[in-house]
Amino acid sequence: MTQPLSDETPPAMAHLVPSPPPGEPQRVAGQDHGLKKNALGAPAIAFYIIAAASPLTGVVAIVPIMIGTGNGVGTPASFLIAAGLLLVFAVGYLAMSRHITNAGALYAYVTMGLGRTPGLGTASVTVFAYSCIQFSLYGGFGYYLSSLLHRATGASVPWWTCAAFAMLCCLLIGLRGVHAGGAVLGVLICLECAMLLILGLGVIFHPNSPTPADFSAEPFTLPAIAAAGVGISIMFAQTTFIGFEGSAIYSEEAKKPHRTIPRATYFSVVFMAAIYAVTSYLIIAGTGTDQAQSIAQRESGSLVFFVSNRALGAWASDVFQVLIITSVFAAIVTFHNNLSRYLYALGRQGLVWERLGHTLPGRKTPYIAAITQTASAVVIVGLFAVLGLDPYTTLFTWLAGIGTVGIIGAQVVAALAIFVFFRRTKVDQRPWHTRIAPAIAAVGMIGMFIVALSSLDLLLGASTGLTALLVGLLALSAAAGTGYALWLRSRSAEKYERMRVMLTSKDS
């Protein structure tokens with residue numbers, strides 16, 4: 001047993017505490033609510049990370065904004081800069097994962113680094129942000145599928161019916177187990193990446209392909225990178241990697257997590273950076289370096305379809321219309337699992353409804369958490385449907401934007417917590433992993449958070465009043481988690497004491 005800790009000082013390492021604190025409910029014989037061990041290898045975890053980012057959606061929806069509104073032809077380099085920052089962040093993040101294995105990931109790291117009150121505040125923000133992103137994805141799925149069905153058959157299927165279909169499929173996949181989700185995501189990710197590869201080859205080898213002069217190094221020159229709007233481009237580039245921090249969420253279910261989690265994380269970030277940078281470079285070449293920004297402004301969200309029609313023909317746009325639906329669904333499956341495990345981690349500690357910490361016998365999936373968050377999606381999607389709001393311009397755009405800001409904010413706090421954790425505990429003495437990289441990451445992430453806050457009009461596409469309301473809800477989620485922690489400290493010492501240990505199934 002470790003020595004008693006001061007009220008807010010985190011223990012050196014989570015696994016040093018072999019038994020639960022006083023008052024922790026004891027597991028009875030035959031009762032095991034742990035997650036399934038050794039269920040995921042590095043490829044499956046990588047599929048979850050890539051699916052959360054939804055590369056095809058990023059290319060179709062984000063690249064046109066970066067080219068048209070950001071630094072134009074410098075867009076490919078913006079993706080590389082954003083990926084570089086996230087790789088530096090991952091150095092400390094993954095070093096932390098060697099010492100803390102918990103499905104609560106960001107919540108666990110902030111708690112161990114900065115204390116229980118900031119930790120619960122971060123947990124609240126993360127749950128709110130992941131929820132917003134998942135709600136938004138249901139709106140996007142409903143919009144795209146309803147539109148496709150109408151074009152293909154003439155039938156007018158309500159978008160919320162399509163969204164309900166996605167909820168049911170996602171819940172069934174989630175209840176079957178994390179390995180089933182990984183298999184589904186593997187197929188869907190391969191399909192969308194194959195289509196992006198075909199698009200690239202079409203741009204290069206089509207009879208009307210760009211001239212050699214268009215395949216220049218200009219997008220990677222300093223003037224192009226530093227052009228007006230570079231901050232906006234890098235911020236939007238970072239949004240296309242949202243979900244990469246989810247790798248540590250699966251540490252309790254991973255095979256040899258000390259190896260698989262880092263491998264999956266580094267591979268995913270590098271792979272996505274290559275996809276985004278190469279595809280955006282070819283789109284710029286396909287439209288002509290001198291005309292890329294003006295064409296992106298003119299075509300807006302149809303830019304990729306404009307390029308694919310020229311390079312491959314009309315059939316390509318039809319395929320993209322189908323694959324963007326599967327891409328959004330893949331992201332839904334990932335965020336469903338991520339959010340279920342956050343709720344599970346909090347329920348397991350008794351900080352919220354304890355049944356959220358229960359798993360399905362045999363399959364070891366957090367079924368109560370999965371059903372609960374699906375029910376919340378039904379409520380939010382139903383509300384937008386009843387109010388008659390457009391699923392794309394409201395549900396999809398607003399909630400994805402504010403959810404992204406929330407995740408970036410949680411990453412900022414986590415970066416600071418990682419730096420503080422290693423400075424306090426001395427459990428890892430590698431300078432790059434525990435001091436230099438976390439410090440650089442913290443500064444960079446703070447910069448990105450400031451840019452995101454200053455670009456909310458672009459990110460949310462909402463009025464000033466609505467933007468203030470959405471930001472207020474995000475701030476309220478942070479205040480609610482922080483306030484709840486303070487209430488626990490003064491009124492429920494037993495529950496507050498449990499937060500000293502980042503419980504895994506082994507601990508409990």
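No hydrogens, no waters, no symmetry mates; every other heavy atom, side chains included, goes into these values. The first residue in the sequence is number 1, and the count goes up from there.
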Could you pull out the closest heavy-atom pair between [X] and [Y], with the gap in Å?
{"X": "Ile408", "Y": "Ala452", "result": "CD1-CB, 4.5 Å"}
{"X": "Leu395", "Y": "Gly139", "result": "CD2-CA, 3.5 Å"}
{"X": "Cys170", "Y": "Val333", "result": "SG-CA, 3.8 Å"}
{"X": "Ala264", "Y": "Ala46", "result": "CB-N, 3.8 Å"}
{"X": "Leu145", "Y": "Ile325", "result": "CA-CD1, 3.7 Å"}
{"X": "Thr467", "Y": "Ala462", "result": "OG1-O, 3.7 Å"}

Can you tell me how far the [atom1] atom of [X] sits from the [atom2] atom of [Y], to the nearest 0.5 Å?
{"X": "Phe419", "Y": "Ile440", "atom1": "CZ", "atom2": "CD1", "value": "11.0 Å"}
{"X": "Thr334", "Y": "Phe329", "atom1": "OG1", "atom2": "CZ", "value": "10.0 Å"}
{"X": "Leu80", "Y": "Leu85", "atom1": "CG", "atom2": "CG", "value": "13.0 Å"}
{"X": "Phe135", "Y": "Ile380", "atom1": "CZ", "atom2": "CD1", "value": "5.0 Å"}
{"X": "Lys255", "Y": "Leu40", "atom1": "NZ", "atom2": "CG", "value": "8.0 Å"}
{"X": "Ile368", "Y": "Leu356", "atom1": "CD1", "atom2": "CG", "value": "7.5 Å"}

Less than 4.5 Å apart, any side-chain heavy atom of [X] and any of [Y]?
{"X": "Gln238", "Y": "Met445", "result": "yes"}
{"X": "Ile261", "Y": "Leu94", "result": "yes"}
{"X": "Trp159", "Y": "Pro391", "result": "yes"}
{"X": "Leu56", "Y": "Val60", "result": "yes"}
{"X": "Val405", "Y": "Phe449", "result": "yes"}
{"X": "Ile232", "Y": "Met66", "result": "no"}
{"X": "Leu458", "Y": "Met235", "result": "no"}
{"X": "Gln411", "Y": "Met448", "result": "no"}

Is a side-chain donor-acceptor pair under 3.5 Å present for [Y] with [X]?
{"X": "Ser327", "Y": "Ser54", "answer": "yes"}
{"X": "Gln373", "Y": "Ser340", "answer": "yes"}
{"X": "Tyr107", "Y": "Gln349", "answer": "yes"}
{"X": "Ser233", "Y": "Asn71", "answer": "yes"}

Inset, instruction - Give the C-alpha distance, both sets of side-chain angles, the deciding distance and a yes or no for salt bridge (Lys or Arg N to Asp or Glu O under 4.0 Å) between Lys364 and Glu252. - result: CA-CA 11 Å; Lys364 313 305 296 178; Glu252 294 184 45; over 6 Å; no

Under 3.5 Å, is there a donor-acceptor pair between the side chain of [X] and the main chain of [Y]?
{"X": "Ser251", "Y": "Ala248", "result": "yes"}
{"X": "Arg263", "Y": "Ala42", "result": "no"}
{"X": "Ser124", "Y": "Gly121", "result": "no"}
{"X": "Tyr342", "Y": "Gly104", "result": "yes"}
{"X": "Ser136", "Y": "Ile133", "result": "yes"}
{"X": "Ser490", "Y": "Trp487", "result": "yes"}

Using the six-membered ring wherever Trp is involved, compare the ring planes of [X] and [Y] and label them parallel, tilted or perpendicular (cut-offs 30° and 60°).
{"X": "His358", "Y": "His33", "answer": "parallel"}
{"X": "His99", "Y": "Phe421", "answer": "tilted"}
{"X": "Tyr143", "Y": "Tyr392", "answer": "tilted"}

Legend entry - Arg489/Glu494 salt bridge by N-O under 4.0 Å criterion: no

Legend entry - Pairing of Lys495 and Glu354 as salt bridge, 4.0 angstrom limit: no

Legend entry - Stepwise side chain to side chain contact (heavy atoms under 4.5 Å, CB included) test for Leu343 and Val352: CA-CA 8 Å; Leu343 295 176; Val352 292; 5.9 Å; no

Inset, instruction - Just jot down the ring-ring contact (aromatic ring centres under 6.0 Å, His included) partners of Phe165, sequence neighbours excluded, or say none. - result: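 Once residues adjacent in sequence are excluded, Phe165 has no partner under the ring-ring contact (aromatic ring centres under 6.0 Å, His included) criterion.
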
Inset, instruction - Return the set of residues passing ring-ring contact (aromatic ring centres under 6.0 Å, His included) with Phe241 (not counting sequence neighbours), or none when no residue passes. - result: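 For Phe241, the residues satisfying ring-ring contact (aromatic ring centres under 6.0 Å, His included) (neighbours in sequence not counted) are Tyr276.
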
Legend entry - Over 12 foreign heavy atoms within 6.0 Å of CZ, Arg176: no

With [X], which residues qualify under side-chain hydrogen bond (donor to acceptor under 3.5 Å, both in side chains), at least two apart?
{"X": "Ser247", "answer": "Thr265"}
{"X": "Asn338", "answer": "Tyr250"}
{"X": "Tyr48", "answer": "Asn337"}

Legend entry - Residue pairs fulfilling salt bridge (charged side-chain N to carboxylate O under 4.0 Å, His left out) with at least one residue in residues 334-347, sequence neighbours excluded: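 For residues 334-347: Glu253-Arg341.
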
Legend entry - Verdict with reasoning, Tyr266 to Val91, per side chain to side chain contact (heavy atoms under 4.5 Å, CB included): CA-CA 9 Å; Tyr266 286 131; Val91 171; 3.7 Å; yes

Inset, instruction - May I have the step-by-step check of side chain to side chain contact (heavy atoms under 4.5 Å, CB included) for Arg423 and Thr434, ending in yes or no? - result: CA-CA 8 Å; Arg423 292 286 291 177; Thr434 63; over 6 Å; no

Legend entry - Intermediate values then yes/no, side chain to side chain contact (heavy atoms under 4.5 Å, CB included), Phe335 and Ile242: CA-CA 10 Å; Phe335 281 104; Ile242 289 296; 4.2 Å; yes

